[in-house]
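Nothing fancy with the numbering, it's 1 onward along the sequence.
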Amino acid sequence: MSVSSVNEVTIKIGTVNGTGSASANGLLMKAIFRMGIPVVGKNYFPSNIQGLPTWYEIRVTGDGHMARTERVDLVIAMNVQTYEEDMAAVCPGGWLIYDSTWPRSRLLDRDDIHVFGVPLSRMCNEHFDTARARILMKNIAYVGVVAALLEIDLEVIKTLLGETFASKKHLIESNLEAIMLGYNYATEHFQCPLPVRVEKMDKTAGHIIVDGNTAAGLGCVYAGATVGAWYPITPSTSLMDAYKAFCRQYREDEDGNKSYCIVQAEDELAAIGVVLGAAWNGARAFTPTSGPGISLMNEFIGFAYYAEVPAVIFDVQRTGPSTGMPTRTQQCDLVSCAYASHGDTKHVLLFPANPEECFYSAPQAFDLADRLQTPIMVLSDLDVGMNDWMCPDLKWDENYEPDRGKVLSAKDLEGMDKFYRYLDVDGDGIPYRTLPGVHPKGAYFTRGSGHTKYGAYTEDAEAYQEVIDRLLVKWETARTLVPEPEIQYSKFNKAGILTIGSCDGAVKEAMSKLADQNINLNYCRARAFPFTDAIRDFIDKHERIYVVEQNRDAQLRTLLMLDIDADPDKLVSMLHYNGLPISADFVIERVLEEAAKGQAA
């Protein structure tokens with residue numbers, strides 16, 4: 001028995017890290033995308049340089065779903081160490097392709113799937129001279145096998161090769177030779193195409209394939225960030241790599257003069273220190289990091305909150321605690337970021353759901369940081385940051401002007417009797433600030449110790465509390481400035497789902513499939529913390545709210561109770577935290593469990 005579908009197939013490729021499989025996998029995914037078919041790529045790789053197992057999943061979905069799926073139709077098993085695991089991943093009726101150059105154990109056979117052997121190593125050994133070329137071309141050869149089995153347009157693949165190796169014609173020839181080796185073998189030995197195949201569509205026009213870290217790095221350039229400081233850490237390093245590449249492209253003149261500064265610090269604490277120093281001097285500055293980096297930055301984050309220095313931090317979340325699994329995804333830094341540092345602190349968080357939102361979150365974060373004079377943290381995760389997503393073309397408003405907030409000019413200061421750094425003049429909790437060297441009247445002592453609203457040192461109880469209470473007024477102002485949630489609402493539904501970030505795609509796909517079973521739910525995706533009144537209203541309108549998040553300890557649910565006093569009896573946690581991206585299958589299973597209890601809509 002075989003599965004059968006057009007433009008609904010998931011391919012899983014199991015290889016060894018460091019063997020060049022990324023190029024082959026990217027070629028496959030891009031070829032399908034160029035055929036006008038929505039596609040998403042998920043990379044599951046080890047945290048070492050090379051030698052350990054790595055997997056890449058390509059989900060082809062004519063409906064445009066971007067979440068991981070539990071179902072795998074076609075597995076390319078290129079790593080003998082994971083052969084048994086890879087075979088187990090194939091759905092009943094699916095297909096497994098393996099390198100038949102060497103014999104395999106019949107104990108690993110399955111009667112309910114189709115197993116195709118292709119002598120990839122032998123063919124490449126016969127056609128390529130060097131050991132390195134043979135390893136690399138073996139991976140490229142399976143592109144040809146898949147192209148034949150799924151009926152991927154060879155002309156599209158050839159075009160992509162030409163674009164990729166435009167300056168290295170000899171690589172075009174060798175890669176095409178390897179592809180044709182696999183393609184011809186498949187067409188000669190197997191029934192092509194398979195019952196699952198791809199067919200040209202027109203659903204990718206106006207879209208790009210991009211990862212969240214690249215999009216965020218570009219967003220920082222457009223937002224006017226001129227200083228970036230970081231200490232390398234998975235999975236955020238590629239964000240600074242992207243920023244550096246875009247700066248070299250757009251921020252250097254013909255003479256090589258640079259209008260940006262990038263600092264690789266000795267650790268994360270030093271990195272945030274550089275950012276605060278630059279921001280205090282008037283630059284837009286940021287640092288990308290992950291959970292362990294946030295832990296190290298806590299002291300300076302608290303300083304920035306109390307001294308009211310703007311900064312932007314991108315936290316590309318990974319599993320914890322401690323080192324955890326650096327190359328797996330979670331949403332486990334919500335509480336640690338919301339209340340980073342000792343003492344009473346509250347920090348504004350943004351939750352992008354995909355690379356497109358990573359791009360637009362960058363200018364939002366810098367504007368909020370300047371306007372609120374406080375650190376702003378953008379919490380994506382490894383799934384969003386490092387995986388390949390199909391997103392609408394990124395567009396920029398050419399009329400955009402950075403919102404620098406309440407910054408006094410020399411003319412403003414000249415007309416003032418006295419300047420007091422922490423005085424709330426407007427009643428919104430946000431004082432006016434000055435930049436160094438603008439005017440003598442604007443000088444003040446920046447301190448993380450107790451200070452009065454006039455900027456003077458104090459240990460007086462009332463004067464200290466007045467400043468701390470004023471920061472709460474600013475927090476309520478922030479509630480009115482952060483992005484509003486995405487809400488889908490019908491008065492006929494008694495239950496709803498509330499989620500954040502990269503859960504978005506899985507939840508929406510699950511809701512669509514649940515609706516087919518007459519289980520209809522409303523939807524709310526929080527895009528920022530503090531939570532706006534719209535989220536409070538959404539919860540109040542429902543008998544039950546399913547809180548879907550990717551951590552063990554229900555951190556989003558905790559924040560809802562702490563920040564807007566949400567009724568805990570309404571909030572039902574659905575927690576996914578094994579390090580793999582959340583799937584619609586998980587959400588559906590959990591909702592159906594609740595439905596069986598008589599608690600679903």
Table please: side-chain donor-acceptor pairs of residues 7-15 below 3.5 Å, with sequence neighbours left out.
residue : atom : partner : partner atom : Å
Asn7    : OD1  : Glu199  : N            : 2.8
Asn7    : ND2  : Glu199  : O            : 2.9
Glu8    : OE2  : Gly62   : N            : 3.0
Thr15   : OG1  : Ser21   : OG           : 3.0

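Looking at Asp367 and Arg284, a side-chain N of the basic residue comes within less than 4.0 Å of a carboxylate O on the acidic one, giving a salt bridge. Using a 4.0 Å cut-off between charged side-chain N and carboxylate O, Glu509 and Arg59 make a salt bridge. Between Arg34 and Glu163 there is a salt bridge, since at least one side-chain N of the basic residue sits less than 4.0 Å from a carboxylate O of the acidic one. Ion pairing of Glu593 with Lys597 is absent here, as no side-chain N (NZ or NE/NH1/NH2) approaches a carboxylate O to less than 4.0 Å. Between Lys508 and Asp504 a salt bridge is recorded (basic side-chain N to carboxylate O distance below 4.0 Å). Salt bridge Asp73/Arg71: present, at least one basic N to carboxylate O contact under 4.0 Å. The existence of a salt bridge linking Arg110 and Glu84 is excluded, since no basic side-chain nitrogen approaches an acidic carboxylate oxygen closer than 4.0 Å. Under a 4.0 Å N-O distance rule, the pair Asp381/Arg318 does not qualify as a salt bridge.
Enclosure of atom CG in Asp202 is not indicated, since only 12 or fewer non-hydrogen atoms of other residues, nucleotides or ligands lie within 6.0 angstrom. For Arg552, the CZ atom counts as loosely surrounded, since its 6.0 Å shell holds 12 or fewer non-hydrogen atoms of other residues, nucleotides or ligands. The environment of NZ in Lys200 is sparse: at most 12 heavy-atom neighbours from other residues, nucleotides or ligands sit within 6.0 Å. The 12-atom threshold is exceeded at CZ of Arg525, counting heavy atoms of other residues, nucleotides or ligands nearer than 6.0 Å. Sparse packing is recorded around CG of Asp344, with 12 or fewer heavy atoms of other residues, nucleotides or ligands lying under 6.0 Å away.
Panel note: side chain Gln550, backbone Gln330; no donor-acceptor pair is recorded below 3.5 Å. Judged by distance alone, the side chain of Ser322 and the main-chain N or O of Gly324 form no donor-acceptor pair under 3.5 Å. At distances below 3.5 Å, at least one donor-acceptor pair connects side-chain atoms of Thr319 with backbone N or O atoms of Met325. Side-chain atoms of Thr345 come within 3.5 Å of backbone atoms of Ala340 as a donor-acceptor pair (strictly under, hydrogens ignored). Side chain of Asp585 to backbone of Glu70: a donor-acceptor contact under 3.5 angstrom is found. No donor-acceptor distance shorter than 3.5 angstrom exists from the side chain of Ser47 to the backbone of Thr327, with no hydrogens or angles considered. Checking side-chain atoms of Thr204 against main-chain N and O of His207 turns up no donor-acceptor pair under 3.5 Å. In this structure a side-chain-to-backbone donor-acceptor pair under 3.5 Å is missing from Glu543 to Lys494.
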(request) Starting from the C-alpha separation in whole Å, work towards a yes-or-no answer on side-chain hydrogen bond (donor to acceptor under 3.5 Å, both in side chains) for Asn522 and His542. (result) CA-CA 9 Å; Asn522 290 330; His542 295 86; 2.8 Å; yes

(message) Could you walk me through whether Ser238 and Asn213 satisfy the side-chain hydrogen bond (donor to acceptor under 3.5 Å, both in side chains) test, starting with their C-alpha distance in whole Å, then the side-chain angles of each, then the deciding distance to 0.1 Å, before giving a yes or no?
(response) CA-CA 6 Å; Ser238 59; Asn213 285 352; 2.8 Å; yes

(message) Quick one, Gln317 with Ser290, criterion side-chain hydrogen bond (donor to acceptor under 3.5 Å, both in side chains). Give me CA distance, side-chain angles, the key distance, then yes/no.
(response) CA-CA 5 Å; Gln317 298 168 94; Ser290 192; over 6 Å; no

(request) Begin with the C-alpha distance, continue with both residues' side-chain angles, and end with the deciding distance and a verdict on side-chain contact (heavy atoms from CB on, under 4.5 Å) for Val39 and Met390. (result) CA-CA 7 Å; Val39 65; Met390 187 182 87; 5.6 Å; no

(request) For Tyr489 and Asp537, run side-chain hydrogen bond (donor to acceptor under 3.5 Å, both in side chains): C-alpha distance rounded to whole Å, both residues' side-chain angles, the deciding distance at 0.1 Å, then the answer. (result) CA-CA 11 Å; Tyr489 177 78; Asp537 293 341; over 6 Å; no

(request) Could you check Phe529 against Trp475 for ring pair (Phe, Tyr, Trp, His ring centres under 6.0 Å), going step by step and ending with a plain yes or no? (result) CA-CA 10 Å; Phe529 177 78; Trp475 180 251; 5.3 Å; yes

(message) Using salt bridge (charged side-chain N to carboxylate O under 4.0 Å, His left out), reason through Lys346 and Asp563 one step at a time and then give a plain yes or no.
(response) CA-CA 10 Å; Lys346 294 184 178 184; Asp563 186 54; 5.1 Å; no

(request) Mind running side-chain contact (heavy atoms from CB on, under 4.5 Å) on Leu379 and Leu350 for me, showing each step along the way? (result) CA-CA 6 Å; Leu379 271 63; Leu350 301 181; over 6 Å; no

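In this structure, Asp567 CG and Arg544 CZ are separated by 9.5 Å, a value rounded to the nearest 0.5 Å. Interatomic distance, His65 NE2 to Ser512 OG, rounded to the nearest 0.5 Å: 6.0 Å. Going from atom CH2 of Trp230 over to atom OH of Tyr243 covers 11.5 Å, rounded to the nearest 0.5 Å. Here Leu556 contributes atom CG and Gln331 contributes atom CD; the two are 8.0 Å apart, rounded to the nearest 0.5 Å. The line from CD1 of Ile37 to CD1 of Ile32 is 6.5 Å long, rounded to the nearest 0.5 Å.
Side-chain polar atoms of Tyr142 and Asn25 form a donor-acceptor pair below 3.5 angstrom. For the 3.5 Å distance criterion, the side chains of Thr214 and Asp211 qualify, holding a donor opposite an acceptor. Side-chain contact, Glu549 with Asn551: a donor N or O sits under 3.5 Å from an acceptor N or O. Tyr523 and Asn493 form no side-chain donor-acceptor contact under 3.5 Å, judged by distance and modelled atom types alone. Side-chain contact check for Asp86 and Trp55: at least one donor-acceptor pair (N or O, by modelled atom type) lies under 3.5 Å.
You'll find the ring centres of Tyr56 and Phe45 outside the 6.0 Å limit. A ring-centre distance under 6.0 Å is not found for Phe116 and Tyr98. For an aromatic pair to be called close, the ring centres must be under 6.0 Å apart, and Tyr305 with His347 satisfies this.
Counting heavy atoms from C-beta outward, Pro375 and Val312 have side chains that stay 4.5 Å or more apart. Counting only heavy atoms from C-beta outward, the side chains of Glu476 and Pro530 never approach each other to under 4.5 Å. Residues Ile376 and Thr374 are in side-chain contact: their nearest non-hydrogen atoms beyond the backbone lie under 4.5 Å apart. For the pair Ile519/Val591, a side-chain contact is recorded, criterion being any heavy-atom separation below 4.5 Å from C-beta on. Between Asn520 and Met511, the closest side-chain pair of non-hydrogen atoms is not below 4.5 Å.
Across Arg536 and Ile564, no two heavy atoms sit closer than the pair NH1-O, 3.3 Å. Taking all atoms of both residues into account, the shortest heavy-atom contact from Thr477 to Asp428 is OG1-O, 2.6 Å.
Cation-pi geometry between Lys42 and Trp389 is satisfied (NZ or CZ under 6.0 Å from the ring centre, within 45° of the ring normal).
Remark: of the listed residues Thr499, Leu521, Leu498, Ile582, Thr499 is the sole one forming a side chain to side chain contact (heavy atoms under 4.5 Å, CB included) with Val507.
Classified by interplanar angle (parallel below 30°, tilted 30° to 60°, perpendicular above 60°), the ring pair His114/Trp95 is parallel.
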